[in-house]
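Here is the structure we will look at.
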Amino acid sequence: MAVHDAILEVADDCLVLGHRLSEWCGHAPMLEEDLALPNMALDLIGTARVLYDRAGALEGKGRSEDDMAYLRDEREYRNCLLVERPNGDFAQTMLRQLFFAAFMHPFWQAAQSSKDEVIAGVAGKAVKELAYHIRHAGEWVVRLGDGTEESAVRMQAALLALSIYVEELFESSPAAQEAEAAGILPERAAMRAAFDATIAEVFTQAGLDMPEVTFPQTGGRTGLHGEGLGHMLAEMQSVHRSCPGVTW
Amino acid sequence: MVSAETLTQKAAWNAAAAVPDPEVPCVTVADLGILRWIRVVNGMAVAGVTPTYSGCPATLAIEMSIEAALRDAGFDVRIERVLTPAWTTDWITEEGREKLRAYGIAPPEEATGSVRALFGETTVTCPKCDSTDTEKLSEFGSTACKAHYRCRACAEPFDYFKCI
Ligand SMILES: [Zn+2]
């Protein structure tokens, strides 16, 4: 385990969620969202690209961002389980986004003082973008949670489905612990207060309560993923794998 | 006394600074503050360029345009992507703001509250009729840097360059 593995974890989170959001492109329920979701996807994929590049450089084996994204199998992906959850309905997509952004906003805020210049640079940009993600997703969680009978039922279902993946966000793998000790990445557990405050603010307006989670799901950081990630990667990687290095 | 080196530096800056933004061609890369600096060393112009948003698809196009402009001006070129400090809309020049307004895009306004405030509204002035009776249609507009607004006074929809 090394620092570049920890950077890879963050990069995988951003790429996988970015790809999930991009799946809405052309399918969103209204034009505004058809622009908004791919816009957020671009922010995340842009962040992932710089992080892959940095992880590759630190690893020193000459792997490029494309090698990282397209030539690793499901078991080699180190993203947390939350980001790979399928889009489901709009309630699930927006709640997933809120959970992730509520964690990553304070994470990037802290990472601005990283001892790694590239991480600090990425953080300065991402923290501004994530503020918009929190607001956008938060507004939707309120609209749906406190909306019609139907929307409230769906938001409630999304909450039950996704809350079991929240705890994993705060866990630091051995690689992450190494990066934290070296001052490269902030300590994950330290994001709890900011995360709770954001969620409480939104949930109060949405009429939602964070459910008690008896069996939190984890395993993403060791490469143990749900079935959905394999399907997602198969689609995402198919062109690159069948025509290596293709450009247009 | 102006040295030859300063003159060369100035020529390089002028060539690169005139490059229009590919998505908002009414303003140049210098107006937007995307072109950070130019250093000329032994005939090689090194340009510091910063992306607006992490995933802005125009980043590469902007770098290539700056490179082409400097080559046309007779320089060898190297582009350096500058990530720190992160680009902010505060770097858009006064002239740039004026150009945006004339083009029909509302320039970024000082955000009144935190951008994280739920349903938070920034007062945006309509670039067509100057009314402040406007409403946000979408936080995310036609490009990463813009939101979509509508003017209630003149009924025109317009782009707003988001404050970041
Ligand atoms: Zn108007």
Side-chain angles (χ1 to χ4, degrees), chain A residues 14 18 22 28 30-51 53-54 98 101-102 105 108 112 114 117-143 194 197-198 201-202 204-206, chain B residues 23 33-34 36 48-64 80-91 108 111-122 135-150 157-164:
Chain A
C14 294
S22 79
M30 52 167 88
L31 184 60
E32 286 75 12
E33 288 308 312
D34 218 275
L35 292 171
L37 294 162
N39 248 305
M40 294 195 284
L42 276 176
D43 288 343
L44 292 167
I45 293 168
T47 302
R49 290 185 61 180
V50 183
L51 294 175
D53 192 60
R54 187 64 185 145
L98 178 67
H105 186 266
W108 287 129
Q112 289 180 92
S114 168
E117 203 182 305
V118 176
I119 300 293
V122 170
K125 189 123 286 253
V127 73
K128 295 177 173 190
E129 295 166 354
L130 265 290
Y132 278 106
H133 295 197
I134 289 182
R135 176 155 101 184
H136 192 71
E139 287 175 358
W140 271 107
V141 170
V142 173
R143 252 179 230 125
T198 301
E201 186 198 344
V202 176
T204 307
Q205 292 187 56
Chain B
E23 285 179 337
I34 295 172
R36 301 306 301 150
V49 181
T50 192
T52 53
Y53 282 73
S54 298
C56 180
T59 304
L60 195 59
I62 290 169
E63 291 173 354
M64 281 160 59
E80 241 177 63
R81 198 173 285 188
V82 184
L83 290 177
T84 332
W87 181 79
T88 155
T89 35
D90 294 347
W91 293 349
T112 40
S114 154
V115 291
R116 282 186 52 195
L118 293 180
F119 303 98
E121 287 291 344
T122 307
E135 62 179 334
K136 181 173 73 190
L137 296 180
S138 177
E139 189 84 78
F140 299 88
S142 54
T143 64
C145 54
K146 287 176 282 173
H148 203 52
Y149 272 70
R150 173 166 54 204
F158 64 90
D159 275 333
Y160 164 58
F161 212 107
K162 277 193 286 189
C163 194
I164 193 168

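In the text below, chain A, chain B and the rest are named by the order of the sequence lines, each starting its count at 1.
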With a 4.5 angstrom heavy-atom cut-off, could you sort out which part of [X] is near chain B: side chain, backbone, both or neither?
{"X": "A/Glu33", "answer": "neither"}
{"X": "A/Val202", "answer": "both"}
{"X": "A/Ile45", "answer": "neither"}

Residue among [options] with most heavy-atom pairs under 4.5 Å to chain B:
{"options": "A/Gly121, A/Gly124, A/Pro38, A/Ala120", "answer": "A/Gly121"}
{"options": "A/Lys125, A/Glu32, A/Arg49", "answer": "A/Lys125"}
{"options": "A/Val118, A/Leu37, A/Val142, A/Val50", "answer": "A/Val142"}

Practice task
Would you confirm whether A/Lys128, through its side chain, and B/Tyr53, through its main-chain N or O, come within 3.5 Å as a donor-acceptor pair?
Solution key: no

Practice task
Give a yes or no answer on whether the side chain of A/Glu129 reaches the backbone of B/Ser54 with a donor-acceptor pair at less than 3.5 Å.
Solution key: yes

Practice task
Measure across A/Asn39 and B/Gly141 and return the closest heavy-atom pair with its distance rounded to 0.1 Å.
Solution key: ND2-O, 3.3 Å

Exercise for the section: With side-chain hydrogen bond (donor to acceptor under 3.5 Å, both in side chains) as the test, would you mind laying out the steps for B/Thr84 and A/Glu117 before giving the verdict? Expected result: CA-CA 8 Å; B/Thr84 332; A/Glu117 203 182 305; 5.2 Å; no

Handout entry: Atom pair SG/CG of B/Cys56 and A/Leu42 - distance to nearest 0.5 Å
Key = 8.5 Å

Completion exercise
Here the gap from A/Glu139 atom CD to B/Glu139 atom CD, rounded to the nearest 0.5 Å, amounts to 6.5 Å

Handout entry: Heavy-atom proximity to chain A below 4.5 Å, by part of B/Pro85
Key = neither

Completion exercise
Checked B/Val82, B/Thr52, B/Thr59 vs chain A; the most non-hydrogen pairs under 4.5 Å come from B/Thr52

